[in-house]
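Read the structure below first, then the notes.
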Amino acid sequence: MDETNSLIEQRKAKLAALRARGLDPFKNRFTPTGTCAEARKNYAEGREVAVAGRITAHRAMGKSMFIDVRDQSGRLQIYAQKNVLGDEPWNVFAHLDLGDFIGARGKLFTTKTGEISIKLESFVILAKALRPPPEKWHGLADTEIRYRRRYLDLMANPDVKEIFLRRSEIIREIRNFLHARGYVEVETPMMQAIPGGAAAQPFKTHHNALGCDFYLRIALELYLKRLLVGGVDKVFEIGRNFRNEGLSRKHNPEFTMLEAYQAYGDYESMMELVEEMICHVAQKVCGGLKIEKGSARVPRAESGVASDSGFRRDAENSTPEACAPQIIDLTSPWRRAKYKDLVREKAGADWFEVSPAERRQRAHDLGAEIAKDYEDFEVTGAVFEKLIEPTLIQSTFVTHLPKELVPLAKLSPDDPTTVEVFECCINGQEIAPGYTEQNDPIEQRERLEHQAGGEQQKLDEDFLVALEHGMPPAGGIGIGIDRLCMMLLGQESIRDVILFPQLKPKS
RNA sequence: GGGUUGGUAGCUCAGUCGGUAGAGCAGCGGCCUUUUAAGCCGUUGGUCCCGGGUUCGAGUCCCGGCCAACCCA
């Protein structure tokens, strides 16, 4: 980013000119009387205010000038007049650039066209911008720049900023919800000698002083369960997981996960928790339980109307969802359906009665991709993932998954080939799994050893020792926060809810 | 990993059949004291992603590479 151009050179020259006049263009401090929004909200004709922010527009009128100043709260118009400021300050003011930060003092008034504004009496330059901002009307459209230099995206596209402010609210409301129910928030290690709690490829790193390798965590689970053993009965963590796998619209190598565990709970109590929590968050952040699907708007400058800039997402791109309802209705109660019933519905009532070979053939005929080395349960799993999950737009708890899929959950007493688990699917994606957690240390060891099977992953022996000390029966959930945000904020790509999504470094 | 699309001024984008590189915004200069995508006049600004090739001549055609988005695996 060390390219220069004439615009940067001009701004550097202006900076030097300001310094030559004895002005410091990078002030340490300026104390506004309030935000731009507050100034507008507490309007009184002639009231003296001071605001600070970035100049985002200017309209010069000869011996007077309007500029827009923006802070996080919004925009405020400032009206400057040469005869009020005086020749020298006016000259400085007139040569301010878009992107500069200023502090402005003056009295509130309303213009002819009815806009609340400040009649400028004095100003200071708080920070000179040496690079020009993106174009004011179209905003910033280049996806690569938007993701690599998100500050420009936030600066130029108010819709984008709004999404991230709301993501912050979502996480705050999740915390409020869990704290109100007596859950304790904790932090557990991100660097783990044995990455456990999920089946995923980890990132590896090395600790010099200890002289050993660590892995970045792929899940929070095993440490939170140690806390159940230790007597923290209601516990949660919101934190980053890392998985060394492919990137896509739905996957970022680092992503944010909520896991919560409740002693003496089970998968049913956790379903209630998930349903109540997501409804609570939707009410607080989205103002209701009906979420417009794919309401993602093309980022553009604030007052923009529809433009046909090239990166609007085509309806036909969102394959199975395209013909689905456009409103996600989170109103309780949510549908609950057994995994096997959903599979039978889609793949034939006798699906679980026919031979594994025939299942494989049928799965293939249905259009699922079946690798040669898939075990029988994986064949069914592929059918579920490919043909069923994408159709679950409205919130659905899929329960009673085959035990092979979930080694950390307890068997269902009424069907021991399945486990007491749910996958909460919304918007065609798995958003939140939950289990009745396995607390039998001997059973747990067998299941983990069986799962490790092929690649012989190391077992987390300390976790098993902890279970041997006794873990209370418990329910647990995990919620992919990024995907929850996608659903609640109408975004089609995980990169649009992660501030700095992973991209390949550019030379 | 495979396919599709894209990469041109600071930004948003045009660029016809291969024939001197274009617009709007931003910038600079001029006019303008209630504008709001202010307006009017003038004007600066280019490694056409990178590297090869074809050609008298390549932003454009061919080959290779880089980056991104989307789709598929």
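Per chain, numbering begins at 1; letters A, B, ... match sequence-line order.
Checking B:U35 for Watson-Crick or G-U wobble geometry (two distances, each under 3.5 Å) identifies no partner in any strand. Summarising the base pairing, B:G6 is matched to B:C67 through a Watson-Crick or G-U wobble pair whose two defining distances lie under 3.5 Å. Pairing for B:A21 is absent, judged as Watson-Crick or G-U wobble with the two contacts each under 3.5 Å.
If you check every strand for non-hydrogen atoms under 4.0 Å, A:Asn83 touches a base. Note on A:Ala57: nothing from the nucleic acid sits closer than 4.0 angstrom, heavy atoms only. The residue A:Lys14 sits close only to the backbone: its heavy atoms come under 4.0 Å of sugar-phosphate atoms, none of a base. When heavy atoms are screened at a 4.0 angstrom cut-off, A:Arg495 is found touching the sugar-phosphate backbone but no base atom.
Electrostatic pairing of A:Arg21 and A:Glu88 counts as a salt bridge here, judged by a charged N lying under 4.0 Å from a carboxylate O. Taking 4.0 Å as the cut-off between side-chain N and carboxylate O, A:Asp100 and A:Arg54 do not count as a salt-bridged pair.
Rounded to a whole angstrom, the distance from the P atom of B:G22 to that of B:G45 is 13 Å. When the C1' atom is compared between B:U55 and B:C13, the two are found 30 Å apart, to the nearest whole Å. To the nearest whole angstrom, the two P atoms, one in B:U43 and one in B:A23, are 11 Å apart. The separation of B:C40 from B:A21, taken at their P atoms, amounts to 29 Å, rounded to a whole angstrom. Across B:G7 and B:C49, the matching P atoms stand 8 Å from one another, rounded to whole Å.
Between A:Ser64 and the phosphate of B:C32, there is no side-chain N or O to OP1/OP2 separation shorter than 4.0 Å. Look at A:Lys506 and you won't find any side-chain N or O under 4.0 angstrom from OP1 or OP2 of B:C50. Taking side-chain N and O atoms only, A:Lys136 has a distance below 4.0 Å to OP1 or OP2 of B:A38.
The aromatic rings of A:Phe422 and A:Phe397 stand perpendicular to each other, their planes meeting at an angle above 60°, with 30° marking the opposite boundary.
A:Tyr339 and A:Thr380 form no side-chain donor-acceptor contact under 3.5 Å, judged by distance and modelled atom types alone.
Crowding of A:Arg47 atom CZ: a count of heavy atoms from other residues, nucleotides or ligands under 6.0 Å exceeding 12.
For B:U34, its base never sits under 3.5 Å from the side chain of A:Glu115 at any donor and acceptor pair.
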